[in-house]
Number of protein chains: 2
Amino acid sequence: MTETSPAPTDHHAIAAGLEGLIGLLRVLSPSGGPSLTTASTLHRLDTAGPSRLSDLAAGEGVTQPAMTQLVSRLERQGLAERRGHQQDRRVVMVHITEAGTRLLGQRRAHRAAALTRLLASLPAEDELSIAAALPALVRLAAMASSGSERWVRS
Amino acid sequence: MTETSPAPTDHHAIAAGLEGLIGLLRVLSPSGGPSLTTASTLHRLDTAGPSRLSDLAAGEGVTQPAMTQLVSRLERQGLAERRGHQQDRRVVMVHITEAGTRLLGQRRAHRAAALTRLLASLPAEDELSIAAALPALVRLAAMASSGSERWVRS
DNA sequence: TATTGTTATACTCTATAACTATA
DNA sequence: TATAGTTATAGAGTATAACAATA
């Protein structure tokens with residue numbers, strides 16, 4: 001075999017591996033806190049900046065009405081706020097607030113501490129390979145965020 | 001800098017990176033299908049074999065009552081079944097059924113296809129680094145599964 | 001007419017508290 | 001008395017369908 005690109009089977013393996021990450025993500029989250037989708041949405045607002053409501057919905061893989069309610073909850077808790085769009089008045093731009101950024105920081109600190117404890121029990125190479133793959137995973141997640149529903153969802 | 005182990009800041013970066021994966025996981029899942037936790041639980045049953053209900057709850061980061069209901073739903077759909085434990089009759093062992101394994105395979109095929117489309121837009125190195133990190137991520141998830149609530153949850 | 005977002009409604013999923021059965 | 005699991009209840013989160021406003 002002299003192929004330069006991995007066989008399709010590898011994608012199957014990656015798909016199976018990703019499946020097990022949900023438990024990890026949930027276990028790493030503080031128990032009383034916001035849901036995984038809420039946290040992910042805040043993370044997106046923090047990273048990508050103010051976003052259209054429909055883009056948020058597509059990026060998180062939920063419907064527009066679900067995102068409407070999620071943003072309403074965030075707004076009620078003071079973690080985000082709606083603002084209008086100058087050119088197109090149909091559009092709602094969602095902004096993260098200072099309190100939202102703060103909450104995100106707390107969650108990350110909590111998760112980082114939990115990760116430190118977890119990683120201490122694993123070989124050092126594991127940490128290195130995970131750290132090495134992180135930018136790629138972030139790019140992958142970003143790919144999925146942009147116009148994904150057109151070709152990913154069933 | 002000649003340190004051999006990564007600084008604590010790296011864990012913070014990993015924690016932040018993992019935060020964005022939820023959207024990816026949801027987008028990669030078929031819309032009408034079971035929830036992320038349901039899929040993750042089936043995956044665990046398929047990988048680790050028959051498990052105690054309480055272990056499933058701890059591994060998925062949900063409460064025991066939530067797992068009771070999740071297992072009841074799985075049972076109603078014929079994807080898993082409860083069996084007794086010989087030594088300790090308080091214990092419920094959860095087994096995946098053939099139909100459960102089949103559903104898991106379908107989901108994985110769906111995800112793998114979506115991944116193939118996504119990865120096609122990224123540099124080949126990204127795919128390689130993700131594939132390389134996968135075993136480590138699986139081990140990390142497995143670490144989190146076993147007795148995690150004692151030292152991870154807040 | 002098409003797009004953006006919201007409202008209405010029903011259902012799934014989850015947590016807390018109280019309970020039963022077994023150890 | 002402690003542990004494994006269930007039941008009861010309430011609330012969060014989600015989807016589909018129907019709607020309003022803007023382009």
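Note on naming: letters A, B, ... go to the chains in the order of the sequence lines (proteins, then strands), and numbering restarts at 1 for each one.
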Interatomic distance, [X] [atom1] vs [N] [atom2] [rounded to whole Å]:
{"X": "A/Q64", "N": "D/dG13", "atom1": "CD", "atom2": "C1'", "answer": "17 Å"}
{"X": "B/M93", "N": "D/dG5", "atom1": "CE", "atom2": "C1'", "answer": "14 Å"}
{"X": "A/I22", "N": "C/dT14", "atom1": "CD1", "atom2": "P", "answer": "11 Å"}
{"X": "A/E60", "N": "D/dA15", "atom1": "CD", "atom2": "P", "answer": "12 Å"}
{"X": "B/D88", "N": "D/dG5", "atom1": "CG", "atom2": "C1'", "answer": "11 Å"}
{"X": "B/Q87", "N": "D/dA4", "atom1": "CD", "atom2": "C1'", "answer": "15 Å"}
{"X": "A/L74", "N": "D/dT14", "atom1": "CG", "atom2": "C1'", "answer": "15 Å"}
{"X": "A/L36", "N": "D/dT14", "atom1": "CG", "atom2": "C1'", "answer": "14 Å"}

Next on the checklist: Taking B/L21 as the starting point, is it possible to reach B/L122 by hopping between hydrophobic residues whose side chains are less than 4.5 Å apart?
Outcome noted: yes
Would you say [X] places a side-chain N or O within less than 4.0 Å of OP1 or OP2 belonging to [N]?
{"X": "A/S35", "N": "D/dG13", "result": "yes"}
{"X": "A/T63", "N": "D/dT16", "result": "no"}
{"X": "B/R52", "N": "D/dA4", "result": "yes"}
{"X": "A/T37", "N": "D/dT14", "result": "yes"}
{"X": "A/T68", "N": "C/dT6", "result": "yes"}
{"X": "A/R73", "N": "D/dA12", "result": "no"}
{"X": "A/R82", "N": "C/dG5", "result": "no"}

Item to check | Whichever of B/D55 and A/L70 has its nearest DNA chain D nucleotide further upstream toward 5' | outcome: B/D55
Checklist entry - Starting at the 5' end of DNA chain D, which residue's closest nucleotide do you reach first, A/R90 or A/Q69? => result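 Upstream on the strand: A/Q69.
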Checklist entry - Any ion pair linking A/D88 and A/R52 (charged N to carboxylate O, less than 4.0 Å)? => result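 Looking at A/D88 together with A/R52, the answer is no, because their closest N to O distance does not fall below 4.0 Å.
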Checklist entry - Regarding B/E60 and B/S40, is there a side-chain donor-to-acceptor distance under 3.5 Å anywhere? => result yes
Checklist entry - Judged by modelled atom types alone, do B/H43 and B/R107 share a side-chain donor-acceptor pair under 3.5 Å? => result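 Absent: no donor and acceptor within the cut-off.
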Next on the checklist: The side chain of B/L53 is closest to which nucleotide in this list: D/dA17, D/dG5, C/dT14?
Outcome noted: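 From the listed options, D/dG5 comes nearest.
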Checklist entry - Would a 4.5 Å heavy-atom cut-off, applied to side chains only, mark B/M143 and B/R139 as touching? => result no
Checklist entry - Between the base of C/dT22 and the side chain of B/R89, is there any donor-acceptor pair under 3.5 Å? => result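 Between C/dT22 and B/R89, which were checked side chain against base, a qualifying N/O pair under 3.5 Å is absent.
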